Structure formats: structure tokens, C-alpha cells
Amino acid sequence: MEEDIDTRKINNSFLRDHSYATEADIISTVEFNHTGELLATGDKGGRVVIFQREQESKNQVHRRGEYNVYSTFQSHEPEFDYLKSLEIEEKINKIRWLPQQNAAYFLLSTNDKTVKLWKVSERDKRPEGYNLKDEEGRLRDPATITTLRVPVLRPMDLMVEATPRRVFANAHTYHINSISVNSDYETYMSADDLRINLWNFEITNQSFNIVDIKPANMEELTEVITAAEFHPHHCNTFVYSSSKGTIRLCDMRASALCDRHTKFFEEPEDPSNRSFFSEIISSISDVKFSHSGRYIMTRDYLTVKVWDLNMESRPIETYQVHDYLRSKLCSLYENDCIFDKFECVWNGSDSVIMTGSYNNFFRMFDRNTKRDVTLEASRENSKPRAILKPRKVCVGGKRRKDEISVDSLDFSKKILHTAWHPSENIIAVAATNNLYIFQDKVN
Amino acid sequence: MFARGLKRKCWDGDEDVEGAPAAPSYSLQRQSLLDMSLVKLQLCHTLVEPNLCRSVLIANTVRQIQEEMTQDGAWQLPAPPVAGRGPLDHLVSTEILCRAAWEQQGQRPAPDLPSELPGALGAPAPGSAQSCIWEADSSRGHRGSFPKSLDQIFETLESRAPSPVEGLFADAGGPYYDLDAVLTGMVGGKSGPGGGDGLQALAPAGAPPPSASCKRDLGELDHVVEILVET
């Protein structure tokens with residue numbers, strides 16, 4: 001009886017108003033800019049918060065630059081589509097930075113339907129001595145003006161302002177899951193469940209559709225696009241991943257509509273592991289090119305895989321993130337955790353990869369030494385400046401003192417979003433509504 | 001959801017279940033998974049569009065289970081499971097899907113919904129009445145209906161998911177028309193066996209639904225029944 005009443009509540013749209021106090025603060029994306037000086041986070045409430053690394057001072061050599069809040073702005077607002085009677089969430093799905101070309105910073109942020117280009121700029125001087133306005137900005141009576149002066153710029157307290165420069169709307173029928181800036185810095189792509197569109201930054205009322213996998217008859221739909229990214233150096237090349245565990249690499253020079261892939265990456269299924277959940281856990285939740293452009297990394301529910309672009313038949317490396325969940329798939333299907341979309345990241349030199357897990361754990365794999373570590377992002381377990389202690393999940397049998405058993409894991413504490421500084425060993429980890437920044441210890 | 005005594009969790013690995021046999025049989029597990037999946041597909045009535053990826057994955061899982069059940073010849077349903085009345089709640093919810101499918105195929109009208117129909121939604125249902133329904137249905141066989149109902153689920157999702165712009169106006173009138181048709185059928189007390197009272201008249205046995213609405217019956221039926229239960 002109670003379960004059914006609960007079901008009705010979930011069906012009922014009012015559930016959205018039962019806000020947990022910090023529901024709107026749940027971080028939904030994290031991204032460093034190209035120099036690592038700035039770190040942007042987007043949250044479920046449509047806000048973007050940008051952190052800036054403080055300059056290292058010569059006096060405090062041992063104190064690495066810390067990240068402080070630089071700018072906060074509301075990027076997206078909730079909308080209501082009256083024609084379809086549907087809400088459009090303001091949650092920021094992805095943020096991507098543009099490379100810096102002048103004093104201002106530019107980033108793309110997107111919710112389910114609309115991409116926006118934001119300009120973040122500093123103002124530390126203001127003009128004083130206008131002729132037609134007084135110091136408070138009130139207009140002067142022209143009759144009282146007897147002399148002319150040239151306004152001068154005087155220093156003021158630093159002000160960081162964010163302004164929306166472009167709004168790219170009305171191009172996606174389904175929910176946008178990825179955006180990716182092209183290496184030509186003139187175009188970018190946005191991908192939803194069934195289509196990928198190519199945009200020019202200057203043009204907001206047109207986009208080119210470059211991938212369309214919507215079947216003529218929706219009843220035949222069995223596969224959706226889950227993530228997409230441009231190659232870091234070749235502006236004609238991009239990849240997209242699917243819910244069936246496949247990756248397609250496309251070349252935009254081949255044709256205007258890239259429905260036929262240039263390369264198709266798929267690992268043959270292991271028949272011994274086959275179950276009703278095989279397809280669901282093979283669904284790729286994130287795909288990332290290495291910085292070199294030679295490899296791609298994919299994340300599915302239980303593993304992270306590294307693929308060589310030159311070999312389509314199988315990945316060159318497979319890392320188990322939390323294989324102890326394999327025997328719990330039914331429970332995870334029941335509570336919907338099996339649909340969680342974890343992201344994955346490379347470090348600056350492509351030698352280490354990182355991804356999140358449950359219980360606020362995140363994992364790092366060293367591709368060279370083949371060693372891996374499990375760390376935890378939580379206030380209770382780490383004081384500021386303390387060294388993170390490796391964690392271990394105990395699979396069966398006797399549990400050692402510091403280990404956690406699989407059944408004690410908290411599945412509501414999931415680390416879906418992480419980021420790695422482009423050149424240094426600084427990582428940002430989003431744990432629900434908390435952001436953790438970890439740095440290599442200084443010797 | 002599960003009979004008293006069963007832990008309120010899916011079977012997994014080697015969990016010990018109190019008060020019930022040590023491990024449910026494979027076909028019972030499979031049936032339970034199928035029911036769970038169908039319920040998940042139906043829980044799309046929020047104001048925000050359902051997650052298409054999740055829906056596609058669940059639908060594919062349902063198809064896989066159906067295919068295996070067909071191969072096993074397990075499609076003809078066995079006697080109701082002895083595990084208690086819990087799993088039958090699931091069965092009733094799938095029964096609604098099958099009924100909607102039969103309407104479209106123009107088969108014989110489905111039997112009366114028992115007055116325990118609310119059992120699918122909130123109230124517990126006595127075991128015996130349910131088992132009667134199920135056996136009656138099983139004689140019909142579900143062989144053709146599940147794939148149909150799956151497609152209907154997608155039609156429902158499709159009608160919920162945004163259509164191409166040019167089709168928008170065509171679709172906009174649809175759901176309202178269906179709702180009216182169903183409610184009219186109920187109020188008019190048309191020829192459903194047993195009279196047109198309450199939820200039984202929702203069996204659009206007598207009132208032939210417009211063909212376009214059959215596909216949307218799935219979502220609208222649920223919606224309508226919810227409204228009726230809440231009033």
C-alpha cells in the first residue's frame with residue numbers, strides 16, 4: 001500500500017516542490033579552462049560559479065594558489081513549454097570554455113534545450129568627470145555647463161561581470177547532453193539524444209544538423225546518442241557514443257550529414273557475462289579524447305576503457321571501476337542507480353585517468369604503472385591540507401579495519417563530475433552540492 | 001510490492017530471504033524483472049519530459065525478456081505464483097497494458113475490470129479475484145500483445161516527447177480528444193458488461209475508441225484512473 005502511494009507522489013509533479021534544502025545547489029558540471037586559472041561549476045538551479053586561482057606569491061612559496069570565487073551568475077532559468085505542457089529544467093548540463101583570445105573569458109553553458117555564450121570580464125576602472133551627468137548619474141541642466149572637461153579613468157574595486165553574448169535556442173527537440181568547442185574556435189557542436197548540430201559562434205538563428213539517428217518510426221528506436229566531442233586538433237573530426245556501447249568517429253569532409261561513420265568502435269560482448277542488464281551497463285555515459293588526440297576514453301557503468309583511434313575492434317585498456325557492483329545490478333536497476341551517468345577525465349599528460357563512483361569515492365588509474373587508487377571526497381574523512389587516505393571496498397569474507405563493505409556503500413552519494421587541471425596535478429571533484437579541490441602536496 | 005516476509009529489495013546474488021524459499025526460480029525472477037521494467041516505463045507522468053535514454057534502455061530490456069520468454073515457450077503464463085499476493089499487483093498493472101492492446105486489435109472485449117482494479121493503484125487486492133483475471137487472460141494468450149504494448153509505450157513517449165514542429169498542431173488535439181472519449185464512455189454507461197459504473201466502465205468494451213486514441217490509451221488510461229481515484 002505504501003509503495004503505491006509513494007508511486008503516486010513520484011508521478012505527481014508536486015514532487016519537484018519538495019525541495020531538499022540544497023537541491024538547487026547540486027553541482028551538475030565542472031570544467032577547468034584551458035590554462036587552469038579558472039574553474040567553472042554549473043548547478044541544478046541554473047547557476048554558474050567560477051573560481052579563480054590566486055596568484056602564487058613569492059613570500060609564501062609553499063602555499064600553492066588556492067581557488068576562490070571569482071564570479072557567480074544565473075545562466076539559465078526554468079522555462080515552461082506551453083505547447084507541449086512540459087517544463088524545461090534550468091539545470092546546467094555542460095560548461096565548455098573557449099580559449100582565451102583577449103582580456104575577457106568566454107564560456108558556453110547549456111541546459112536541456114538552450115546553449116548560451118557568456119562573456120566574463122573584469123572592470124577595475126571607471127570613468128569620472130562626465131559633462132552631461134553628475135557623479136550620481138543624474139542629468140545636468142545643459143544651461144549650467146560652462147566648461148568642458150575630458151572624463152578620466154579612475155581605479156575602482158574589481159568588479160567581475162558576466163553578460164550573455166549569444167543565445168542558441170530552438171534547435172533541439174530532445175535533451176542536450178553534450179557541447180564541444182571545435183579546434184577552429186569558430187564553431188561548436190551540441191548533441192541531444194538523437195541529433196547533433198553544428199553552430200557558428202556568430203550565428204544564433206541557424207545551425208547545421210550533422211548527425212540524425214531518429215528513425216522514421218519512433219517505435220523502432222533502440223539506440224540514442226549519449227555523448228559527443230570534437231577531436232582536439234582536427235576540426236573535421238568528431239566522435240559520438242551511444243547507449244549500446246558503441247563509438248562512431250565521423251569526418252565532416254565526407255558529407256554534410258554524417259550519418260555514415262568513418263570508424264566504428266565496438267567491443268565484442270563477453271558471452272559469459274551476459275545478462276538482462278548487459279546492454280544497460282554497456283551504455284556509454286561519457287567519451288573524451290586524450291589531449292594528444294590519439295586515444296579516446298569511454299565510461300560505461302562498471303568500467304573505463306581506452307581506445308586507440310587506429311583500432312576499432314576492441315579497447316586497448318579496460319579498467320574496472322567498481323566491479324563488486326556486478327552482482328548487485330538488479331538492485332541498482334530497481335533504484336535507478338544503474339542509469340547514473342558518470343564522467344571520466346584525462347590528466348594533462350594523458351598518463352592518468354579519473355572517474356567517480358558511489359559513497360563519494362573516486363578512482364584514478366595510472367596507465368603506465370597500472371596502479372589504481374580509490375579516494376573519498378568527504379568532509380568527515382579529510383581535513384583541509386590533510387593527505388587523502390586510499391580507501392578500499394571489501395568484497396567478501398573478512399572486512400579489515402579500514403575497509404567498507406559493499407552493502408554499506410551509500411548510493412545516494414555519487415561522484416558523477418570531476419575535472420583535472422590541464423597541466424598540473426589539481427583535481428576538482430563534485431560531490432552532490434559540495435566541490436572539493438585537491439592538489440598535489442608540495443615538497 | 002513483495003509478499004510479507006520478503007525483503008523489500010530485488011533478489012541479488014546470495015541474499016538470504018526470510019520467510020520464503022531461499023532463491024526464487026529463474027522464471028519468477030524474470031517475470032518480476034519484466035513487471036518492474038513495465039512499471040518503470042509507466043512512471044513518466046511528470047511535468048518534465050522523461051529521460052529518453054533511460055526509457056530506451058528499459059524498453060530494450062523488456063524486449064529481451066519477451067524474446068527469451070517466447071523462446072522458452074514460457075509465454076503462456078503458468079498458474080499464478082504461490083509467493084503471495086505481492087507479485088500479483090505487478091501482474092495487474094501489466095494486465096492493463098494487455099487490455100489496451102486487445103482493444104486496438106479489435107478482439108473480444110476484455111473481461112470486466114474487477115472492483116479490485118484500484119489494487120493496481122493503491123489498495124490491496126484479494127488474491128483469488130486477481131488469479132481469476134489472470135487465468136482468463138492467459139487463455140487468450142499474450143503472445144501478440146506485449147510487443148504491441150511496448151510499441152504503445154513508445155507511442156506514448158513519442159506523444160509526450162516533442163514532435164517535429166510541423167506535426168505539433170496535429171498532435172495537440174489528440175490527447176484531449178481521447179480523454180473526452182474515455183470519460184464519455186464512462187459517463188454514458190455504455191455497454192460494458194456489468195454496467196457502466198465507476199472504473200468498470202473504463203473498460204471501453206462497448207465504446208469503440210477512435211483509432212488514433214488506441215495508441216495513447218496507455219498513458220491516458222493511467223492518467224484518467226489516477227484522477228478518478230483521487231476524486
Side-chain angles (χ1 to χ4, degrees), chain A residues 1-5 7-8 10-16 80-81 83-89 112-113 170 172-175 177 192-194 214 217-226 242-244 276-280 283 285 326-336 338-339 341 407, chain B residues 1 8-15 29-30 32-34 36-37 39-40 42-49 51-61 63-65 68 89 119-124 150-152 154-155 157-158 160-165 168-169 171-172 222-223 226 229-230:
Chain A
M1 171 89 104
E2 261 133 1
E3 293 86 342
D4 288 324
I5 292 178
T7 301
R8 255 207 292 277
I10 290 168
N11 283 344
N12 194 325
S13 65
F14 290 98
L15 183 64
R16 271 168 68 79
F80 193 80
D81 184 334
L83 211 51
K84 299 161 202 165
S85 286
L86 292 168
E87 278 189 16
I88 300 173
E89 283 189 319
D112 284 338
K113 297 286 187 183
N170 301 321
H172 284 281
T173 309
Y174 302 96
H175 291 179
N177 52 54
D192 67 29
D193 295 312
L194 298 179
K214 182 177 180 199
N217 188 354
M218 274 297 270
E219 293 173 6
E220 292 162 8
L221 180 65
T222 57
E223 192 174 10
V224 301
I225 298 170
T226 52
S242 83
S243 57
K244 286 197 169 171
F276 285 124
F277 305 110
S278 294
E279 184 181 316
I280 299 180
S283 173
S285 51
R326 198 177 285 272
S327 58
K328 310 283 179 194
L329 290 179
C330 188
S331 294
L332 296 164
Y333 179 69
E334 190 183 10
N335 64 16
D336 267 11
I338 207 174
F339 301 107
K341 293 191 189 299
D407 296 313
Chain B
M1 198 152 140
R8 194 183 170 276
K9 251 164 82 171
C10 203
W11 79 90
D12 257 330
D14 42 0
E15 274 182 36
Q29 290 180 22
R30 185 173 61 186
S32 179
L33 183 62
L34 178 64
M36 192 200 307
S37 305
V39 169
K40 278 182 182 299
Q42 289 182 51
L43 287 177
C44 298
H45 301 288
T46 60
L47 267 189
V48 186
E49 283 174 71
N51 185 329
L52 188 63
C53 182
R54 177 177 173 274
S55 304
V56 167
L57 288 173
I58 298 173
N60 290 350
T61 307
R63 270 198 204 98
Q64 277 180 53
I65 298 174
E68 191 182 284
D89 288 340
L121 305 163
L150 195 58
D151 293 339
Q152 287 175 359
F154 264 118
E155 283 295 315
L157 289 175
E158 160 81 332
R160 282 241 160 210
S163 328
V165 176
L168 268 178
F169 291 109
D171 284 340
D222 240 21
H223 185 58
E226 264 188 49
V229 168
E230 280 168 43

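All values below come from the heavy atoms of this structure, side chains included, with hydrogens, waters and symmetry mates left out. In the text below, chain A, chain B and the rest are named by the order of the sequence lines, each starting its count at 1. Remember, it's a predicted structure, so these values are computed and weren't measured experimentally.
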Whether the Tyr333(A) and Ser37(B) side chains hold a donor-acceptor pair (N or O, under 3.5 Å, no angle test) is what I'd like checked. yes

Can you see whether Glu223(A) engages Ser242(A) through a side-chain donor-acceptor pair at a distance of less than 3.5 angstrom? yes

Asp193(A), Asp192(A), Ile88(A), Val224(A) screened by side-chain contact (heavy atoms from CB on, under 4.5 Å) with His175(A), the one that passes: Asp193(A)

Please look at [X] and chain B and tell me whether the side chain, the backbone, both or neither of the residue comes under 4.5 angstrom of a heavy atom of that chain.
| X | result |
| --- | --- |
| Ile225(A) | neither |
| Asp336(A) | both |
| Thr226(A) | side chain |
| Glu220(A) | neither |
| Ser283(A) | side chain |
| Phe339(A) | side chain |

Would you mind checking if Glu68(B) and Arg30(B) are paired as a salt bridge, meaning a charged N to carboxylate O distance below 4.0 Å?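 Judged by the 4.0 Å cut-off on N to carboxylate O distance, Arg30(B) and Glu68(B) do form a salt bridge.
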
Lys113(A) bridged to Asp81(A) by N-O distance under 4.0 Å: no

Just give me the residue among Asn335(A), Asn177(A), Ile280(A) that pairs up with chain B most often, heavy atom to heavy atom, under 4.5 Å.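 Among the listed options, the one with the most contacts to chain B is Ile280(A).
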
Could you go step by step and tell me if Lys40(B) and Arg54(B) meet the side-chain contact (heavy atoms from CB on, under 4.5 Å) rule? CA-CA 10 Å; Lys40(B) 278 182 182 299; Arg54(B) 177 177 173 274; 3.9 Å; yes

